[in-house]
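Only one structure is covered here, and it is reproduced in the block below.
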Amino acid sequence: MNMDFQFYWRLFLKRLPAMMALFLICSVTASVAALKLPPTYSTSARLLVEEARIPENMLRTTMQVDTDQQLQVIEERLTTRANMLDIARKHNVFENVSDMTPDEIVREMRGQTRISRTGGRSNEATLMRVSFQARSAIIAANVVNEYVTLILQESTQFRIDRTESTLAFFRQEVERLKDDLEAQSIEIVNFKNENGDALPGDLNYRQNRQALLQERQARLEREIASIDKQRRDLVAIYETTGQVTGTAAEPQTPQERQLSELQSQLQAALSVYSETNPRIVLLSNRIKQLEAAIAQQATSQTPSTPDAPNPPSTLQLAVAEMDQRVETLREELSDVETELDRLEATIQATAGNAIILERLERDYDAIQTRYNEAVVNLNRSLVSERIEVSAQGERITVLENANVPQTPSGPNRLKLVAAGVGAGLLLAVGFFFLLELLNRVIRRPDELNSRFGIIPLAVIPYMESRRERLLRRSILAGACLAVMIGVPALLWYVDSFYMPLDVLANRVFDRLGLT
């Protein structure tokens, strides 16, 4: 064990100059950087996201915005390239800002800006902290206050833009749906006008009218057949007997009998229908026609004067009356059949018209529903716009403005020196162990036994003379002295005549991506 300690001690002394060089480079560089780095000042401002002053359960609006999403959008807009460049040049954030490229300015501004959010839960307030680190206390405070102004402007503009865009959308939607309603109404009206006699609304009336006309048609056909039979019988009797029998015994003519029947039907119908009903009007007109015909017949049958021609015979009068009655009934039957054909056509077309009309009305109801919803949303949008314009909704307020710091916040010089010393020690120790791991030369008897299984009988050490020992120690001391003097001198020369060590370190870190 004693032999191993002496061996590694000798290795340590042999490699000491290189280890000292690494240690001194890191330590001196960190110390110089800590001494030369200018002081930096940091300040911050705190903002609060206030809830709406009007409770949501009292007044519903269309402005529903997630707070975290809104703050994230504001943060992204705040750190845009244009804002970073404007603020850096406006407040002269960097000493050599005119010599820096836009990419460097934006990278440095974003690196020195800190934005954090806290809270946001149901029982916690949402807070936002904005801080900035600069070479001057005034610059840091000005930049943070500029950030706060932009955040307040972005918050207000964000919510107003949302409400205005929502309001404009629903206004356009209401106008569009209003036009659609008018167009659909016109289409329904035109369809009803074109198909006024075949709409489903009066289908029951037309079916009842059809049944009534079918009964009337059958009755007219029976009356015509009955009168034709009476006429043939009357002519046959006259041809056989030469007399018209049975006519005088009849108390009423056919027209009088028909008038009596129509009057009975009219009385029965008046107990069911009103006087303006088409059936009542038709029966009244028919009764008036029969009364006029009976009056005309009574006038024609009055006794003639001696100078008048011979009156027609009884047979001729009866036959003429029957023929006139048949002609009247046939005209009435023709009108009934024409109306029945028209009713049949309209009833058959009603089913198709009902489908089309139902589709048109369904589309109208759907448009009406969307229109009502759009009107409600439009009213809510108007309320939302009023709330945002009057600053009664959710908003961001400043709890604490950025003040001018009195003491620098950085850099931490002791921490930087300690980091340099620690890095130098790690490099020196790592250098020692790295060389030991890479060295495959056999230097001790134990290595013969461990590698090849050979046990040496004896070991003859190298015997140094007094002169060689003094020379070796002088070289070691000279190398250590050269390292202790040369490395700081070299770093001083680089810092003074080539490039400041802090700038050089920043460039090296930039190349390594460690900034």
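Side-chain N/O atoms of R129 and S44 include a donor and acceptor closer than 3.5 Å. Judged purely by distance below 3.5 Å, without hydrogens or angles, the side chains of E76 and Q72 never pair a donor atom with an acceptor atom. A donor-acceptor pair shorter than 3.5 Å can be found between the side chains of R206 and T350. Using modelled atom types, one finds a donor on one side chain and an acceptor on the other under 3.5 Å when comparing Q368 with N372. In this model, a donor atom of one side chain and an acceptor atom of the other lie less than 3.5 Å apart for N83 and T80. Side-chain contact of Y41 with S136: a donor-acceptor pair under 3.5 Å is absent, judged by distance alone.
No option in V144, I87, N142 other than V144 meets the side chain to side chain contact (heavy atoms under 4.5 Å, CB included) test with F132. Here the options are L48, L399, I115, the test is side chain to side chain contact (heavy atoms under 4.5 Å, CB included), and the partner is M128; only I115 passes.
Closest approach of R162 to S165, counting heavy atoms only: O-OG, 2.9 Å. Residues A402 and A45 share a closest heavy-atom pair of N-CB, 3.8 Å. Across every non-hydrogen atom of I139 and A134, the tightest pair is CG2-CB, 3.8 Å. Pairing each heavy atom of A141 with each of V404, the nearest pair is CB-CG2, 3.9 Å.
To the nearest 0.5 Å, the span separating CZ on R209 from CD1 on I347 amounts to 11.5 Å. If you take OG1 on T163 and CG on L382, they are separated by 10.5 Å, rounding to the nearest 0.5 Å. Annotation: the span from T346 atom OG1 to Q207 atom CD amounts to 9.5 Å, rounded to 0.5 Å. Rounded to the nearest 0.5 Å, atoms CG (N145) and NE2 (H91) are 8.5 Å apart. Separation of atoms CG (N195) and CG (D197) is listed at 7.5 Å; rounding is to 0.5 Å. Going from atom CD1 of I356 over to atom CD1 of I188 covers 12.5 Å, rounded to the nearest 0.5 Å.
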| Going through the distances and angles, do E173 and R176 end up as a salt bridge (Lys or Arg N to Asp or Glu O under 4.0 Å)? | CA-CA 5 Å; E173 191 70 7; R176 183 183 66 83; 2.5 Å; yes

| Stepwise, does the side-chain contact (heavy atoms from CB on, under 4.5 Å) test hold for L177 with D180? | CA-CA 5 Å; L177 292 174; D180 292 346; 4.2 Å; yes

| said: Using the rule given for salt bridge (Lys or Arg N to Asp or Glu O under 4.0 Å), can you reason through R117 versus E75, listing the C-alpha separation, both sets of side-chain angles and the distance that settles it, and then say yes or no? | reply: CA-CA 10 Å; R117 299 191 300 269; E75 181 178 344; 2.9 Å; yes

| request: Start with the C-alpha gap between D103 and R81, add the side-chain angles, then the distance that decides, and say whether salt bridge (Lys or Arg N to Asp or Glu O under 4.0 Å) holds. | output: CA-CA 9 Å; D103 292 338; R81 182 183 180 90; 2.8 Å; yes

| said: Working note: L427 + F23, criterion side-chain contact (heavy atoms from CB on, under 4.5 Å); need CA distance, chi angles, decisive distance, verdict. | reply: CA-CA 7 Å; L427 283 177; F23 175 75; over 6 Å; no

| query | Would R380 and F170 count as a side-chain contact (heavy atoms from CB on, under 4.5 Å) if you check the C-alpha gap in whole Å, the side-chain angles of each, and the deciding distance to 0.1 Å? | reply | CA-CA 10 Å; R380 292 179 181 175; F170 282 116; over 6 Å; no

| Audit row: M84, R107, side-chain contact (heavy atoms from CB on, under 4.5 Å) steps and yes/no | CA-CA 9 Å; M84 295 291 100; R107 184 172 63 251; over 6 Å; no

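Between the Q184 side chain and the L360 main chain, a donor and an acceptor come within less than 3.5 Å of each other. For N353 (side chain) and L199 (main-chain N/O), no donor-acceptor pair under 3.5 Å exists by modelled atom type. With R110 contributing its side chain and T79 its backbone, the two residues share a donor-acceptor pair below 3.5 Å. Remark: the backbone N or O of Q153 is not paired with any side-chain donor or acceptor of T156 at under 3.5 angstrom. Under the 3.5 Å distance criterion, the side-chain polar atoms of Q157 are left unmatched by any main-chain donor or acceptor of S155. With T166 contributing its side chain and S381 its backbone, the two residues share no donor-acceptor pair below 3.5 Å. Within the 3.5 Å criterion, the main-chain N or O of V375 finds a donor-acceptor partner in the side chain of N379.
E358 places none of its side-chain heavy atoms less than 4.5 Å from the side chain of D363. When side chains are defined from C-beta on, F94 does not count as touching E104, because their heavy atoms never get closer than 4.5 Å. Taking 4.5 Å as the limit, some side-chain heavy atom of M100 sits within range of a side-chain heavy atom of E108. Using a 4.5 Å heavy-atom cutoff, the side chains of T397 and L47 are not in contact. Between Q210 and Y205, every side-chain heavy-atom pair lies at or beyond the 4.5 Å cut-off. Considering only heavy atoms from C-beta on, I151 comes within 4.5 Å of L78 through its side chain. With a 4.5 Å cut-off on side-chain heavy atoms, L71 and I396 count as touching. Looking at heavy atoms from C-beta onward, K192 lies in side-chain contact with L357 at the 4.5 angstrom threshold.
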